[in-house]
Structures are given as C-alpha cells and as structure tokens.
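Below is one structure, written out as structure tokens, with a few remarks after it.
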2 protein chains.
Amino acid sequence: MIRTLLVEDQSMVLGALAALLDIEDDLRVVATARDGREALVMLEQHPVDIVVTDIEMPVMTGLELCAAIGRRHPEIRVVVLTTFARAGYLQRATEAGAHAYLLKDAPARSLADAIRSVRAGHRVIDPQLAAQARAEPDPLTHRERQVLRRAETGATTDQIAQALALSEGTVRNYLSSAIGKLGARNRAEAAGRARDKGWL
Amino acid sequence: MIRTLLVEDQSMVLGALAALLDIEDDLRVVATARDGREALVMLEQHPVDIVVTDIEMPVMTGLELCAAIGRRHPEIRVVVLTTFARAGYLQRATEAGAHAYLLKDAPARSLADAIRSVRAGHRVIDPQLAAQARAEPDPLTHRERQVLRRAETGATTDQIAQALALSEGTVRNYLSSAIGKLGARNRAEAAGRARDKGWL
DNA sequence: GTCGCGACATGACAGCTGTCATGGTCCGAT
DNA sequence: ATCGGACCATGACAGCTGTCATGTCGCGAC
C-alpha cells in the first residue's frame, strides 16, 4: 500500500485527485494539504511514502516544500504535478530534489502510474521537457530576475529602485540586460517570455 | 440519474473530476470533452442534463460553449467551474446563460451539490461575487479592451496600431483612457487590474 | 596575482509613453 | 432634430524607457 500525501491549493481539485487515487487498490491518500506549510505539518503526523504536490500555492510553494522534504524527510519521494510545461520549473524542481514532474495535461491514469514508478525508485520526467531544460538554462542573474518580476506588475523603474534599494540607473541597466538576453523589445515582452519558460 | 458532460482541457483534472462525480449514486458522467467544440459534438451523441465546463480552454472557451448550448440545447443547464473569482467572468458567464458559477477553490462536494441544485431549477452563484459584479461593471469599451489586451503582451503602440488598423495616436488615446479608468499608472498595471477583475 | 563575472553606479541621448486639447463621424436614444 | 457616447484622428509636450559608454568593487576560479 503506497501511502500518499496530496498537496493542492484548490479544494475541489484536491478532492477530485484524492477520488482518482482511491480507485487504485495499491494506493492510499493518507492526508491532504492546501499549501507547503500545512503539508509539512501533515508529514509529522502521518507516515508517508510519496508526496504529490502542485507548484503554485500560497504560503509555501510546492518547490519550497520539495526542498524542505529533501532536508527533513529524505526517505519520502516527491511528485511535482503542475499545469506548466516550463523548462525553468523543471530545472528548479529537479534542483529541489523532485523525483517526478508531471503535467495536469497528462492522462488521468498517468498519476497513479507515476506514483508506482517513483515508489519503485524510478524518475518520471518527460524527456522532451528535460532536453529543453538542458538546452536552455536560465540566462537571468538573480538581480535581473528580481527587477523583471517587479516590472511585470507595472512598477516603474523608480519604484523598483526604491523597493530594491538600488539606483534608478542600475535598475535600467538590469532591465536592459534582461530584455537583451530574452530577445525582447521591452520589459513586458521580456517578462512574458521569462514567465513562459519558468524563469520568473 | 443526472446525466453530466464534463469539459476541461487538462486531462488529469478531467479524469479526477469524473472520478469525484462517479462516487455519487444519482450522478453519471456520460461523456467528457477537452474543449468547447468537442463538447458540442458530444452533445449531439449523448443525452445530457447538465454540462460542467471550465472557462479557459483552447479552440472554444467555456463561455462560448455556454452561449452555444443556450442557443442549440436550451433544455441543458450549464455549470461553469473555474479557478478565477473574477466578477467580469461571472458577468460574462451570466450573460452567456450559465446556471451556476463555481470555483475550483470550493470544497470538493460542492460540485455534486451544485449539479443537483441546478437540476432542480436553482441557480448557484456566490452572492458575494454576484454583488461585486453588480457593483463594478466593466468600464472598458470594446476598443480599449482590444488595445489593452495587446499591450499586455508587450506590443508597442505602433504594432497595436498596425494590427488593429488604427493610427498610433488613437491607440495612445485608448490606452490612456483605459489606464485612467482603471486607476493605474501605466499599461502594465492597467492590464493586470483588468485581468484580475475578468475584464480582459 | 590575474581574470572574469555579477553587482552597482553615473551620465548622455534617442525614442517611446502618456496626457491633454481639439475636432469630426456615426449611431442609438430621446 | 438633438444629444451623448464610442470611435477615430492630429498635434504638442513632459516624462519615462531603453541603450550605451564608462567605471568601481567584491569574489571565486585559475
């Protein structure tokens, strides 16, 4: 019996995924959580073999949870289940120690299959996405990412400068560099491309 | 036995929702579809009482599907199931003839409950979201929405002008007007606010 | 010790953005 | 017939954006 913790911030999707897995004879959803922090609490209370987690959640993201599990419960394996086929997310999931990276776009039965594979010691990662992640590493520096993230929301260069304790000219330099690296024509386009690739 | 068609572009979520509903004795998922167009084909082949549909799907959105069902199958009732608590989406769902507007953030069992309520002739819409939709109608004109949508992707005013067969000055006027209506400081912020409210 | 990169900064300049004033046309409501 | 709003346009101007040159500092690799 593979004991599984499900982590997903949308209650209905969480309940539905639990219903999907409960159909399987050899799998049992022993607990659920709506964010990474709640998940860590559940792990203190329930013996678990596999954690299935979404990425984008409030309080604590799935990737932060994955890293924390790697530190505190190295015997537990993590399946990341997300909407986004983004190489950058896969890079970060892999770095965080994930054993599988699954898309919600995959057939329903692939979730149970992936859980069994991971339990048996395999990694489950789409080879095409893995190749893309290798072919195109994140070109942004830490600061470029930070200023681009704020620019994406419409913050002006002056606002970004104040928020990050930088001069306005420095912010413009970072933005200009990021725009160039992404082959964009302005900050909006650059942010869109970075987000699409999971670099933001 | 309430016969239900499920429409959702993510296969795994589709399968999970089907598993969730199949637990109920009085509900049956008679077909599934991954976009609006496929759904209409299913409706020609299966007698259905209720359609449960996501909004954001390729090929044909859930709202377009809803409008088409209202025209072609007025006896079928539509439950919109979405991630977004956006008053603008609710407005458009209501205009398209939806009988329920549910969030994926609601408890899992509320989906079956909503299907039963709608089957019994009731509407299921969060009163708070409904009030918000009434209190804050979409302030954007059609053209303002069009130029803002393109600006959101990083298109320059010149590009938008060419794409929409307008002069650049006209585009700037529309953008400026939209920015003012949304109380934003630039196009990026305006687009973010409009999108958050479901007006884009 | 040297080199390269990231981080940070200043300054200059061209071009884009956003605002504003002004004005015309079309169409539906009154 | 009149009015108001949406749509469309031109022009002027202030300020923001993006590029580029130049430079310093810290740090890790060699």
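Each chain gets a letter, A, B and so on, in the order the sequences are listed, and its residues count up from 1. Because only heavy atoms are used, hydrogens play no part in the values below, and waters and symmetry mates are left out as well, while side chains stay in.
Taking atom CD1 of residue A:Ile160 and atom P of nucleotide D:dC16, one finds them 13 Å apart after rounding to whole Å. One atom, CG of B:Leu148, and another, C1' of C:dT17, lie 14 Å apart when rounded to the nearest Å. The CG atom of B:Asp158 sits 8 Å away from the P atom of C:dC16 (whole-angstrom rounding). In this structure, B:Leu175 atom CG and C:dC16 atom P are separated by 15 Å, rounded to whole Å. One can place CZ of A:Arg145 at 12 Å from P of C:dG6, the figure rounded to the nearest angstrom.
Among the atoms of the strands shown, base atoms are found under 4.0 Å from some heavy atom of A:Ser176.
Between B:Lys104 and B:Glu8, the closest side-chain pair of non-hydrogen atoms falls below 4.5 Å. The closest side-chain heavy-atom distance from B:Trp199 to B:Leu182 is below 4.5 Å. In this structure, B:Ile55 and B:Tyr101 have side chains that are in contact, with non-hydrogen atoms separated by less than 4.5 Å.
Between the CZ atom in A:Arg145 and the CG atom in A:Asp138 there is a gap of 4.0 Å [rounded to 0.5 Å].
Minimum atom distance to the side chain of B:Ile179 is reached by C:dG18, of the listed D:dT17, C:dT17, C:dG18.
Of the charged side-chain nitrogens involved, at least one lies within less than 4.0 Å of a carboxylate oxygen, so that B:Glu189 and B:Arg185 count as a salt-bridged pair.
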Protein-proximity profile, nucleotides 4-13 of chain D, B/S/- by nucleotide at the 4.0 Å heavy-atom cutoff, equals --SSBBB-B-
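Between the side chains of A:Arg149 and A:Gln146, not a single donor N or O lies within less than 3.5 Å of an accepting N or O.
The hydrophobic cluster containing B:Val13 also contains A:Met12, counting ILVMFWY residues as joined when their side-chain heavy atoms lie under 4.5 angstrom apart, directly or transitively.
A donor-acceptor contact shorter than 3.5 Å links the side chain of A:Arg77 to the backbone of A:Val118.
Heavy-atom distances under 4.0 Å link DNA chain C to no residue of residues 182-193 of chain A.
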